[in-house]
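Read the structure below first, then the notes.
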Amino acid sequence: MTDDARPAANGRLKLSTLLTFSLVTLPGSALGIATSIYLTPYLAGHLGVSLTVIGAAFFLVRMIDIPVDPILGVVMDRTRTVLGRYRLWLLIGAPIFMLSVYKILLAKPGIDETYLVLWLLVQALGGSITGLAQGAWSATLATGYNERSRLFSLLTVVGVAANVIVLVIPIVGEKFGLTDAACVHLMGWLAIGLSPICFGLVAWRVPEKIAADVPSHRFPLADYWALVKKPAMLRLFFAQAALQLGPGWMSALYIFFFRDVLGFPVALSSLLLIVYIMAAIIGAPTTAWVSSRFGKHRTLIVTTTAYSLGLCTIFFLPTGQLLVTGPVMFWCGFMASGFGLLVSSMTADVGDEVRLEQGKQRMSLIYSMIGLANKLAGAAQFFLSLSMLAWVGYNAKDGAHNTPAAIKGLEYIFILGPIFFVMLGGACFIGWKLDARRHGEIREALEIRDAALGEAAVIGALTGQPAPQPGE
């Protein structure tokens, strides 16, 4: 580890290391907001793909993609090269990520379901590789209970920057007479352009430490099964799925709801979404600070409840009133900003507990399970929400006329689904045991064992006797 990256005496990473590493989230964040908000209207409105086909394609891709993350997690945890573990995989995933963005966000009229499924699968693969590398590397870069919240809050804030840039594109594009489709194309080029810069800088400048494993003759499958059925992992899995599905459900319907229920054009809808997302600039650090005082699980229970209460007020918003809608969007964005960072931070804490129990690094596999929850939720958010829209008779094509019953159905679907899932996600952490005190005990035990393995390796090298080797 370089001097610039070495933790200070108080265990905090230097700001320069955190800022450099945070760049890793920019390309994925840019693509994520473009895909979740603008891809469905682009496919349905500009390319003429039906909502049923879009929903089915997303669902099929997620079902096919289910085993990819766990397989990648196992392979990553076993990877040891001169380039490191996560650095190598980040560099492998970058070109796959870039190609998929080009094929999806710059698709031309005439595409069919086969094309959509194929390139969504490639996009999922690229996103899985870069996302797993980022998540597991984050957990090994910051090892303290509160330091992880600090790192993940910074990742959230930097991700907001990418989101805002994407959301500004339709607003600026309208001033220059660009069509909605042209704006989506610009979003794609942005994600492609950011990828080599951000992934390259992180791979070049951020150090990576690979801890030694405890030698064992135990069959790995037993360890993997113990991990899958571990109560803390099950809580995290279902919480992540619910907390992804709630806001993701809203994002899939966002443009439709704000245009046809609240009466905002796409440009103003994007502006309100900027308010929602920029609230994370204040919300994420505040959430991290509160969690360091009261615990991550308690903070998450409070924020999910507050978020749901904020959604309830949307029923009473007048149409077309920007100044009234803005504060509600800020409140919901402020509360939602803590969902991902707290779950990611608690996932890293559980990863330490698993390494203490099993003597092996399983961080990539653990994050792959959280990634699997995201993918299942991503499939469900499009399939369920768009299928329900079709069921109530809503027509998503540009210029289509919808009945009052279809509009009312859109309103209830948009609001009630997210409230249910977000509250469910918060409830998963009632009775959570892995708090700051317990994690401190785990880290202390790990540091003692790591030091002992290091000493044994040195003695073995000097005496010629067998010694534990990383990866044995």
Side-chain angles (χ1 to χ4, degrees), residues 62-79 85 128 131-132 135-136 138-140 143 145 148 211 213-246 295-298 300-301 304 339-340 342-380 421 423-443 445-446 449 471-472:
R62 292 311 185 199
M63 293 301 101
I64 296 173
D65 191 41
I66 282 176
V68 172
D69 275 16
I71 293 172
L72 282 174
V74 171
V75 175
M76 279 191 190
D77 285 333
R78 291 170 173 261
T79 299
R85 173 181 289 155
S128 291
L132 279 180
S138 302
T140 57
T143 57
Y145 182 84
R148 282 173 173 161
D213 290 339
V214 175
S216 173
H217 299 292
R218 185 177 179 181
F219 187 53
L221 187 58
D223 289 342
Y224 298 150
W225 175 242
L227 177 59
V228 169
K229 67 179 184 178
K230 185 177 176 65
M233 279 306 307
L234 291 173
R235 284 177 181 246
L236 286 170
F237 181 89
F238 287 111
Q240 180 63 27
L243 294 176
Q244 173 69 23
L245 183 53
K296 299 170 188 176
H297 59 293
R298 296 186 187 93
L300 193 49
I301 292 170
T304 52
F339 297 170
L342 290 175
V343 172
S344 295
S345 183
M346 284 189 282
T347 300
D349 298 340
V350 171
D352 286 339
E353 186 176 48
V354 169
R355 186 160 79 90
L356 182 62
E357 293 169 350
Q358 299 187 1
K360 307 287 184 182
Q361 181 63 274
R362 306 292 190 206
M363 200 67 78
S364 300
L365 179 59
I366 289 170
Y367 273 94
S368 76
M369 294 175 65
I370 301 303
L372 176 60
N374 278 333
K375 289 182 176 183
L376 290 173
F421 287 110
M423 289 300 295
L424 179 62
C428 288
F429 294 103
I430 297 174
W432 183 259
K433 302 298 183 184
L434 187 47
D435 56 12
R437 180 193 60 79
R438 174 58 185 150
H439 184 257
E441 295 171 353
I442 291 170
R443 285 305 310 178
L446 284 173
R449 190 173 68 189
E472 286 186 7

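Quick note: numbers below take in every heavy atom, side chains included, and nothing from hydrogens, waters or symmetry partners.
With values rounded to the nearest 0.5 angstrom, L424 atom CG is found 9.5 Å from F238 atom CZ. For the atom pair M76 CE and S368 OG, the distance stands at 9.0 Å (nearest 0.5 Å). From D435, atom CG reaches atom CD of E441 across 8.5 Å, with rounding to the nearest 0.5 Å. Interatomic distance, CG of L72 versus CG of L372, reported as 11.5 Å (0.5 Å rounding). Note that the CD1 atom of I71 and the CG atom of L365 stand 11.0 Å from one another [nearest 0.5 Å]. Once rounded to the nearest 0.5 Å, the distance linking CG of N374 with CD of Q244 reads 4.5 Å.
The pair K360-D77 does not count as a salt bridge, with every side-chain nitrogen at least 4.0 angstrom from each carboxylate oxygen.
At a threshold of 4.5 Å between non-hydrogen side-chain atoms, the residues I442 and L434 count as touching. With a 4.5 Å cut-off on side-chain heavy atoms, L300 and L243 count as touching. Using a 4.5 Å cut-off on side-chain heavy atoms (C-beta onward), L356 and E353 make no contact. Side-chain contact check for L376 versus F237: some heavy-atom pair is nearer than 4.5 Å. In this structure, the side chains of F429 and K296 stay at 4.5 Å or more apart for every pair of heavy atoms.
Of all non-hydrogen atoms in A241 and A377, the two that sit nearest each other are O-CB, 3.3 Å. The minimum heavy-atom distance between G425 and A239, with the atom names listed, is O-CB, 3.8 Å. What you find for P67 and I64 is that their closest heavy atoms are CD-O, 3.3 Å. In plain terms, the two heavy atoms of V350 and A232 that are nearest each other are CG2-CB, 4.1 Å. In terms of heavy atoms, E357 sits closest to K230 at OE2-NZ, 3.1 Å.
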Set out, in order, the CA-CA distance, both residues' side-chain angles and the distance that settles side-chain contact (heavy atoms from CB on, under 4.5 Å) for L236 and W432, then state yes or no. CA-CA 10 Å; L236 286 170; W432 183 259; 3.9 Å; yes
Determine, step by step, whether H439 and R148 satisfy the side-chain contact (heavy atoms from CB on, under 4.5 Å) criterion, reporting the C-alpha distance in whole Å, the side-chain angles of both residues, the deciding distance to 0.1 Å, and the verdict. CA-CA 12 Å; H439 184 257; R148 282 173 173 161; 3.2 Å; yes
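Listed for the Y367 side chain is a donor-acceptor partner under 3.5 Å among the backbone atoms of S344. Checking side-chain atoms of T143 against main-chain N and O of T140 turns up no donor-acceptor pair under 3.5 Å.
Looking at R362, R355, Q361 one by one, the single match for side chain to side chain donor-acceptor pair (under 3.5 Å) with Q358 turns out to be R362.
Applying the salt bridge (Lys or Arg N to Asp or Glu O under 4.0 Å) test to residues at least two apart or on different chains, the pairs with a partner in residues 364-377 are D65-K375, D69-K375.
In summary, the side chains of H297 and R235 do not present any donor paired with an acceptor at a separation below 3.5 Å, with no hydrogens or angles considered.
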